Amino acid sequence: MSGSAPDRVHPGVDDRSNDSATSRGEAIAAAEAILRPALGQRLQPGRSIAPLTSFRIGGPAALFVEPEREEDLAAIARAVALTGVPWTILGKGSNVLVSDAGFPGLVVRLGRAHQWMEREGTRMRAGGAMPLPRVAGGAAAAGLTGLEFGVAIPGSLGGAVRMNAGAHARSMSDVVETVRVFSITDGTGSVVPAEEAGFAYRTSAFVRGTLVLEATMALREADPGTIRELMDEARAWRRATQPLAEPSCGSVFKNPRGDHAARLVEAAGCKGLTHGGAQVSTKHANFIVTRPGATAADVRAVIRDVRARVLDLFGVELETEVEFVGDPDTHRV
């Protein structure tokens with residue numbers, strides 16, 4: 001599409017020292033040699049990551065690991081620093097599209113040790129691998145309000161913080177107080193206060209190279225019945241407006257300033273637009289759904305077509321909210 005900006009590489013991907021398949025292969029082998037003694041069988045070569053995404057499509061990761069301990073994180077940072085292996089971070093996979101060729105490097109996904117939550121007065125602390133709806137449910141059970149919107153967002157807490165996820169005119173930046181992170185690029189951890197987190201619309205300072213290990217959210221006490229009503233409304237809204245029965249990645253495009261991506265896509269006549277096994281949802285125009293046999297290339301073709309039509313008709317260049325995981329030669333749309 002002439003003049004259009006390329007879509008974003010999935011945050012965290014580092015391809016600087018890997019200009020060819022040969023150098024990537026060497027880096028992968030070297031990284032595996034470093035990680036195997038530290039991680040044992042938890043390091044999985046050739047792991048399929050399609051089942052870990054809500055689209056359920058895409059190829060395998062050359063290397064896959066779910067770090068549990070601080071020592072695991074240190075080993076990953078060391079392997080990346082010494083080998084230059086390409087790497088990326090995966091949460092619950094609810095807003096990613098994995099290339100059909102997979103990811104030619106190391107995919108890092110927080111393990112079960114990072115699935116926990118606890119109440120501290122009017123605050124909730126939780127690990128980065130906790131599903132956001134479960135954290136919202138935990139807050140509700142504790143009689144704390146402010147996180148009800150999270151019940152409608154099917155991602156991990158870490159991913160929600162990194163992308164400042166939101167719904168119903170609320171977002172994570174409204175409740176996050178502090179974030180504990182680990183930087184893969186320099187192998188250090190830190191606690192970041194919300195005012196230094198760089199929160200903006202669907203982004204934060206954590207989108208490149210940072211694992212969100214935990215977050216503390218400042219909430220308020222409220223009537224449990226009122227909290228349940230708000231959560232029921234959020235669930236009902238999601239069921240009524242989103243194609244939950246079909247694989248998708250959630251919202252594909254960011255809302256342009258002062259407008260809604262879904263309105264533009266529908267006004268451009270794109271509802272139902274199909275390429276291969278991928279289709280713009282007939283229920284919600286900012287969703288792309290897939291059928292059995294769909295490929296990432298099908299989804300990219302739909303995205304490309306939608307962006308071209310909206311740009312041609314309205315002069316608006318839609319920016320993708322979905323993140324692309326895969327070889328830099330194949331993930332542009």
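Treat the numbers as computed from the prediction; the structure is a model and nothing was measured.
For the atom pair CG of Leu244 and CZ of Arg239, the computed distance is 8.5 Å after rounding to the nearest 0.5 Å. The OG atom of Ser156 lies 9.5 Å from the CD atom of Gln115; values are rounded to the nearest 0.5 Å. Separation of atoms CG (Leu52) and CZ (Arg47) is listed at 5.0 Å; rounding is to 0.5 Å. Here the straight-line distance linking atom CG of Asp100 with atom OG1 of Thr295 works out to 4.5 Å at 0.5 Å rounding. Between the NZ atom of Lys271 and the CD atom of Glu266 there is a distance of 4.0 Å, given to the nearest 0.5 Å. Rounded to the nearest 0.5 Å, atoms CZ (Phe314) and CG (Leu264) are 6.0 Å apart.
Residues Asp259 and Val316 fail the side-chain proximity criterion, which asks for heavy atoms closer than 4.5 Å. Side-chain atoms of Thr210 and Phe182, non-hydrogen and from C-beta on, never get closer than 4.5 Å to each other. At a threshold of 4.5 Å between non-hydrogen side-chain atoms, the residues Met172 and Leu157 count as touching. Side-chain contact between Arg56 and Thr290 is absent, with no heavy atoms from C-beta onward closer than 4.5 Å. Counting heavy atoms from C-beta on, the side chains of Phe103 and Thr88 come closer than 4.5 Å. Using a 4.5 Å heavy-atom cutoff, the side chains of Ile57 and Val98 are not in contact. Between Asn95 and Met163 the shortest side-chain heavy-atom distance falls below 4.5 Å. Residues Arg42 and Glu66 fail the side-chain proximity criterion, which asks for heavy atoms closer than 4.5 Å.
Closest approach of Ala285 and Val265 over heavy atoms only: O-CG1, 3.3 Å. Between Gly276 and Arg291, the shortest heavy-atom distance links the atoms O-NH2, 2.8 Å. Listed here is the closest heavy atom pair of Pro67 and Val65: CD-O, 3.5 Å. Summarising the geometry of Ala205 relative to Glu196, their closest heavy-atom pair is CB-O, 4.4 Å, with the distance given to 0.1 Å. The shortest heavy-atom contact between Glu177 and Ala218 is OE2-CB, 3.9 Å. Closest approach of Gly250 and Ser248 over heavy atoms only: N-OG, 3.3 Å.
Follow the hydrophobic side-chain contacts under 4.5 Å out from Phe287 and you never reach Leu318; the two are in separate clusters. There is a path of hydrophobic side-chain contacts, each under 4.5 Å, that joins Leu213 to Ile184. Cluster membership for Val181 and Met117, using ILVMFWY side-chain heavy atoms within less than 4.5 angstrom, is shared. Cluster annotation: Met217 and Met231 are assigned to distinct hydrophobic clusters (Ile/Leu/Val/Met/Phe/Trp/Tyr, side-chain heavy-atom contacts under 4.5 Å, transitive). Hydrophobic clustering, with ILVMFWY side chains joined whenever heavy atoms are under 4.5 angstrom apart, keeps Leu230 apart from Leu147.
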Inset, instruction - Kindly indicate, with the supporting measurements, whether the criterion side-chain contact (heavy atoms from CB on, under 4.5 Å) is fulfilled by Ile227 and Glu148. - result: CA-CA 7 Å; Ile227 296 173; Glu148 291 87 353; 3.5 Å; yes
Legend entry - side-chain contact (heavy atoms from CB on, under 4.5 Å) evaluation trace for Arg220 with Thr122: CA-CA 6 Å; Arg220 306 181 310 280; Thr122 57; over 6 Å; no
Inset, instruction - Let me see the working for Val322 and Ile288 under side-chain contact (heavy atoms from CB on, under 4.5 Å), right down to the final yes or no. - result: CA-CA 10 Å; Val322 59; Ile288 293 174; over 6 Å; no
Inset, instruction - Start with the C-alpha gap between Phe55 and Val289, add the side-chain angles, then the distance that decides, and say whether side-chain contact (heavy atoms from CB on, under 4.5 Å) holds. - result: CA-CA 8 Å; Phe55 259 139; Val289 297; over 6 Å; no
Inset, instruction - For the pair Arg202 and Glu321, evaluate salt bridge (Lys or Arg N to Asp or Glu O under 4.0 Å) and give the outcome as yes or no after the intermediate values. - result: CA-CA 8 Å; Arg202 300 298 178 262; Glu321 188 169 325; 3.7 Å; yes
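Atom CD of Glu221 has 12 or fewer heavy atoms from other residues, nucleotides or ligands within 6.0 Å. Within a 6.0 Å sphere centred on NE2 of His260, other residues, nucleotides and ligands contribute 12 heavy atoms or fewer. Atom CZ of Arg123 has 12 or fewer neighbouring heavy atoms from other residues, nucleotides or ligands inside a 6.0 Å radius.
Look at Glu70 and Arg180 and you find a salt bridge, because one of the NZ, NE, NH1 or NH2 atoms lies within 4.0 Å of a carboxylate O, short of that distance. Salt-bridge formation is not detected for the pair Arg228/Asp232: no Lys NZ or Arg NE/NH1/NH2 atom is positioned less than 4.0 Å from an Asp or Glu carboxylate oxygen. A salt bridge links Glu120 to Arg125: one of the charged nitrogens lies within less than 4.0 Å of a carboxylate oxygen.
Of the possible donor and acceptor atoms, none in the side chain of Asp305 sits under 3.5 Å from a partner among the backbone N and O of Val302. Counting only distance, with no hydrogens or angles, the side chain of Asn164 and the backbone of Val161 share no donor-acceptor pair below 3.5 Å. No donor-acceptor pair closer than 3.5 Å links the side chain of Arg162 to the backbone N or O of Ser204. The backbone N or O of Leu90 lies less than 3.5 Å from no partner atom in the side chain of Arg109, so there is not a single donor-acceptor pair. Judged by distance alone, the side chain of Arg119 and the main-chain N or O of Ala142 form a donor-acceptor pair under 3.5 Å. His284 places a side-chain N or O within donor-acceptor distance of the main-chain N or O of Asn286, the cut-off being under 3.5 Å. Distance alone, capped at 3.5 Å, places no donor-acceptor pair between the Arg134 side chain and the Val151 backbone. Without hydrogens or angle criteria, Ser281 side chain to Lys283 main chain gives a donor-acceptor distance under 3.5 Å. Remark: the backbone N or O of Gly143 is not paired with any side-chain donor or acceptor of Thr145 at under 3.5 angstrom. Judged by distance alone, with hydrogens and angles left aside, the side-chain atoms of Ser251 form no donor-acceptor pair with the main-chain N or O of Phe253 at under 3.5 Å.
Test Thr185, Ile76, Val107 against Trp87 for side chain to side chain contact (heavy atoms under 4.5 Å, CB included) and you get one pass: Thr185.
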